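Have a look at the structure below, then the notes.
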Amino acid sequence: MLPPSDPQNTTRNRWIGRLPYFFLTLFLATIVLLVWLTRQYDAEEQQTTLLTDVLWMEQNLRFQLDRNEALLLQIGPELLLSAGRPSGQTEAQLRQLMSQDRGIVRVLWLDKDGELKGSLPPAQDRGLVGEADGAVPSESGMTLARGLGRPVYGPAYPVVNDRYHFEVHVPAWSDDAFLGVVVAVYSLSDLVSRELPWWFSERYRVAVLDPDGQEIAAKSKIAPLASHLSYTTPFDPPGRGLMLQITAYKGETRWVLVLLIASIVLFGTVIVWSTWQLRRQLARRQAAEQALRRESAFRKAMEDSVITGLRARDHEGRITHVNPAFCRMTGYSADELIGATPPMPYWDPDQIDRTLEVHDNVMSAGTPVDGLEVSLRRKNGERFDALIFEAPLIDAEGRDNGWMGSVLDITEQKRARELARQQEERLQATSRLVTMGEMASTLAHELNQPLAAIASYNSGCINRLDASEIDPAELREIHEKIGRQARRAGEIIRRVHDFVRRSEPKRETVDLNAIIVEAVGLIEADARKRRMRITTELRPNPPMVTADPVMIEQILVNLVRNGMDAMRSTPAALREVRIRTHSTGSMMEVQVCDRGAGIDAESAARLFQPFFTTKEEGMGMGLNICRSIAELHHGRLTFEPNPSGGTIFILSLPVERQ
């Protein structure tokens with residue numbers, strides 16, 4: 001049996017049950033925080049890498065432009081002083097400047113007056129448009145370079161094919177004389193796309209923005225950009241408001257981190273699902289335990305409240321369980337009884353052998369349906385009668401673990417039953433005496449006839465002896481008649497004696513038709529006195545019944561007399577009591593039909609109650625005794641209206657089993 005629930009234990013169990021949820025929430029929050037910190041660290045690292053790469057790119061571009069400026073400063077005097085074709089070394093240096101990886105698309109050299117002295121490629125290119133169309137190189141740039149004495153970069157301007165160029169004006173000097181300027185025309189697109197190494201373009205998209213923020217050159221890839229990783233820095237040189245915008249490409253998927261996050265999510269989901277399932281199982285178990293606790297408490301309260309003793313025994317007869325009622329009944333405590341083996345301490349020492357035999361029979365086949373009566377002894381030595389019922393003790397797995405017995409103390413019940421039986425016998429005897437008294441006058445008339453005949457025959461014999469006219473044959477016939485009349489008188493006396501004598505019920509196999517004939521013979525004289533008829537319709541060869549013939553005869557006499565009493569106001573022609581017998585299945589019925597006034601509803605409801613009677617001289621016990629006798633024989637006594645008037649009383653008795 002489960003222990004009763006403790007409020008403190010319940011509160012502690014509730015908090016313990018919530019701990020998995022708390023730690024699970026803490027675990028998930030920690031995992032989410034770690035993932036967020038990892039991503040933040042990666043973002044900061046990427047941002048740092050971006051800045052480092054941008055600085056490197058800026059320095060690399062500046063280095064390329066400075067190197068080009070230095071080379072233009074070196075070849076500028078020779079280009080301006082040479083009257084014709086530059087020397088081979090200078091031409092080689094020019095071609096080096098025009099290489100694709102330097103971003104320069106044209107080199108021009110102008111004298112101190114701004115006149116074009118030469119260019120590479122030649123100056124007849126007509127593809128230039130916009131501000132530079134017809135004004136390449138710009139005069140302002142030359143003037144500013146001459147004035148400053150150092151290279152000056154011009155603004156970016158559009159050319160064909162949506163491309164943009166800018167110039168760098170490098171002044172050339174000879175001793176203290178200004179010789180002119182060497183102008184290098186850069187292509188922004190070529191500078192951006194060719195000056196940057198391949199690995200940089202694999203990581204970033206580089207774009208050149210004009211002062212209005214419009215993109216005028218770029219080196220891009222087709223992959224989408226990571227807009228949150230972007231950096232903008234002034235493009236100086238050439239300056240003039242140009243900006244470099246470097247945006248990181250969307251980084252490669254970090255499968256390790258993805259797998260880590262996916263694993264965490266997967267295992268977190270599994271943990272949540274497992275915890276949820278565990279919680280459900282725990283809730284079901286708690287509900288089952290609570291239901292079991294309630295059921296156990298209910299059964300214990302029910303077991304403690306019953307007055308029937310309960311005991312459980314295994315197949316060896318060892319007591320495994322007793323209830324308080326059984327302990328109160330025997331006087332022994334549960335500790336004294338549990339584990340006890342035959343002979344039990346509550347067995348009657350005077351009937352120990354019979355009780356052991358009963359015990360063995362119960363262990364092998366249980367008890368009959370009606371139970372088994374045994375005599376037991378309490379701890380204080382008092383004997384008591386017990387009615388025992390046994391049933392197999394089957395556990396939840398269907399195993400037979402012995403017997404469960406219920407024990408009823410029937411001592412008082414038997415004593416009351418015996419007292420009731422004795423009182424009923426006295427009432428029956430009284431009823432019979434009353435009936436005998438009522439029939440006394442009739443019996444006196446009935447006995448008078450054979451006695452008168454005997455006296456008459458005796459007088460006739462004496463007269464013949466006195467006259468010496470005796471005939472032996474005639475004398476023999478007279479004495480035979482005297483004997484028959486004497487037997488007739490003796491039979492009447494025997495019937496009266498059998499009817500009124502008080503005796504124990506003696507059941508025997510009897511023929512109901514024979515009992516009816518006896519009863520009719522007993523009351524026939526009274527019927528004739530009342531000028532009533534008793535007719536019988538008896539079933540031939542009726543099945544035998546087990547009954548006390550005197551008691552059944554008493555029922556029939558009482559019913560016939562009641563029928564005759566009910567016909568006092570009936571016309572003489574209809575005063576007839578009809579007795580019929582027939583069998584219905586396992587019962588034999590006797591119907592006593594009268595033609596009286598019948599029974600009203602109020603009397604019918606109380607007809608079998610003790611001391612209820614409709615007759616002034618009645619005791620009110622006749623029908624009650626008759627019904628008790630019928631029930632004693634496992635039969636019943638009922639009544640119903642007679643369709644032709646009057647009442648039909650029906651006595652049903654079980655047929656003797658073959």
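Worth knowing before you read on, the calculation uses all heavy atoms, side chains too, and leaves out hydrogens, waters and symmetry mates. The model shown is predicted, which means the values in this text are computed figures rather than measured ones.
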Residues 331-349, side-chain donor-acceptor partners within the protein, below 3.5 Å, at least two apart:
from: Y332; atom 1: OH; to: P345; atom 2: O; distance (Å): 3.2
from: S333; atom 1: OG; to: E336; atom 2: N; distance (Å): 3.4
from: S333; atom 1: OG; to: E336; atom 2: OE1; distance (Å): 3.3
from: E336; atom 1: OE1; to: S333; atom 2: N; distance (Å): 2.9
from: E336; atom 1: OE1; to: K379; atom 2: NZ; distance (Å): 3.4
from: E336; atom 1: OE2; to: K379; atom 2: NZ; distance (Å): 3.0
from: Y346; atom 1: OH; to: R311; atom 2: NH1; distance (Å): 2.9
from: D348; atom 1: OD1; to: D350; atom 2: N; distance (Å): 3.2
from: D348; atom 1: OD1; to: R383; atom 2: NE; distance (Å): 3.1
from: D348; atom 1: OD1; to: R383; atom 2: NH2; distance (Å): 3.4
from: D348; atom 1: OD2; to: S375; atom 2: OG; distance (Å): 3.4
from: D348; atom 1: OD2; to: R383; atom 2: NE; distance (Å): 2.9

Output for pair (R528 CZ, I523 CD1), nearest 0.5 Å, gives 11.5 Å

Looking only at non-hydrogen atoms, find the nearest pair between M544 and T509 and report the distance. CB-CG2, 3.5 Å

Do you know which two heavy atoms are closest between V545 and M588, and how far apart they sit? CG1-CB, 4.0 Å

According to side-chain contact (heavy atoms from CB on, under 4.5 Å), who are the partners of D600, at least two apart in sequence or on a separate chain? E602, S603

Hey, does the side chain of N558 reach the backbone of Q554 with a donor-acceptor pair shorter than 3.5 angstrom? no

Any chance you could lay out the side chain to side chain contact (heavy atoms under 4.5 Å, CB included) test for L387 and V407, step after step, and finish with the verdict? CA-CA 6 Å; L387 181 61; V407 183; over 6 Å; no

Taking atom CD1 of I515 and atom CE of M551, what is their separation to the nearest 0.5 Å? 12.0 Å

Side-chain heavy-atom pair Q591, H582 within 4.5 angstrom cut-off: yes

Backbone N or O of A573 within a donor-acceptor pair of the R533 side chain at under 3.5 Å? yes

Under 3.5 Å, is there a donor on one side chain and an acceptor on the other for Q277 and Q281? no

Would you give the length of the straight line joining atom NE2 of H633 to atom OG of S652, rounded to the nearest 0.5 angstrom? 13.5 Å

Side chain to side chain contact (heavy atoms under 4.5 Å, CB included) assessment of D526 paired with E524: CA-CA 5 Å; D526 190 21; E524 191 173 21; over 6 Å; no

What's the spacing between L451 CG and N458 CG if we round to 0.5 Å? 12.0 Å

Can you give me every donor-acceptor pair (side chain of residues 354-364, partner residue at least two apart or in another chain, under 3.5 Å) with its distance?
from: T355; atom 1: OG1; to: Q351; atom 2: O; distance (Å): 2.6
from: H359; atom 1: ND1; to: R313; atom 2: NH1; distance (Å): 3.0
from: N361; atom 1: ND2; to: E357; atom 2: O; distance (Å): 3.2
from: S364; atom 1: OG; to: D360; atom 2: O; distance (Å): 3.1
from: S364; atom 1: OG; to: N361; atom 2: O; distance (Å): 2.9

Over all heavy atoms of both residues, which pair between I319 and V322 is shortest? Give the atoms and the distance, please. CG2-CG1, 3.6 Å

How far apart are the C-alpha atoms of R578 and E576, what are their side-chain angles, what is the distance that settles it, and do they pass the salt bridge (Lys or Arg N to Asp or Glu O under 4.0 Å) test? CA-CA 6 Å; R578 185 177 299 276; E576 179 187 51; 3.0 Å; yes

Any heavy-atom pair between the side chains of L292 and E289 that's under 4.5 Å? no

Rounded distance [0.5 Å steps], CG in D400 versus CD1 in I394: 4.0 Å

Does any part of the side chain of L556, heavy atoms only, come nearer than 4.5 Å to the side chain of I516, both counted from C-beta? yes

If every non-hydrogen atom of A604 is compared with every non-hydrogen atom of F639, which pair is closest and at what distance? CB-CZ, 3.7 Å

Does T570 use its side chain to pair, donor to acceptor, with the backbone of R595 at less than 3.5 Å? yes

Under a 4.0 Å N-O cut-off, is there an ion pair linking R378 with E382? yes

Decide if atom CG of N541 counts as having more than 12 heavy atoms of other residues, nucleotides or ligands within a radius under 6.0 Å. no

Could you tell me whether D565 and R530 make a salt bridge, using a distance below 4.0 angstrom between a side-chain N and a carboxylate O? yes

Quick one, T581 and V590 - any side-chain contact, counting heavy atoms below 4.5 Å? yes

Could you walk me through whether I650 and E640 pass the side chain to side chain contact (heavy atoms under 4.5 Å, CB included) check? CA-CA 8 Å; I650 304 172; E640 62 185 28; 3.7 Å; yes

Six-ring centre of F384, R377 cation under 6.0 angstrom, axis tolerance 45°: no

Measure across L376 and A386 and return the closest heavy-atom pair with its distance rounded to 0.1 Å. CD1-CB, 3.9 Å

Any non-hydrogen side-chain atom of I648 less than 4.5 Å from a side-chain atom of C593? yes

Distance-minimising heavy-atom pair for A312 and M404: CB-CE, 3.7 Å

Parallel, tilted or perpendicular: which one describes the rings of F608 and F649, with boundaries at 30° and 60°? perpendicular

One should read off an interatomic distance between I579 CD1 and L651 CG, to the nearest 0.5 angstrom, of 11.0 Å

Give the intermediate values and the outcome of side-chain hydrogen bond (donor to acceptor under 3.5 Å, both in side chains) for residues E474 and H479. CA-CA 9 Å; E474 184 182 6; H479 279 83; over 6 Å; no

Are D385 and E373 side-chain neighbours, meaning at least one heavy-atom pair lies under 4.5 Å? no

K414 bridged to E418 by N-O distance under 4.0 Å: no

Report, as yes or no, whether the 6.0 Å neighbourhood of atom CG on L419 holds more than 12 heavy atoms from other residues, nucleotides or ligands. yes

Taking the side chain as every heavy atom from C-beta outward, state whether R294 and F298 have any atom pair closer than 4.5 Å. no

Report yes if the side chains of K300 and N323 come closer than 4.5 Å at any heavy-atom pair, otherwise no. no

Mark yes or no for whether D594, through its side chain, and N562, through its backbone, hold a donor-acceptor pair below 3.5 Å. no

Can you list the steps and then say if L559 with L637 is a side chain to side chain contact (heavy atoms under 4.5 Å, CB included)? CA-CA 11 Å; L559 294 179; L637 177 62; 4.2 Å; yes

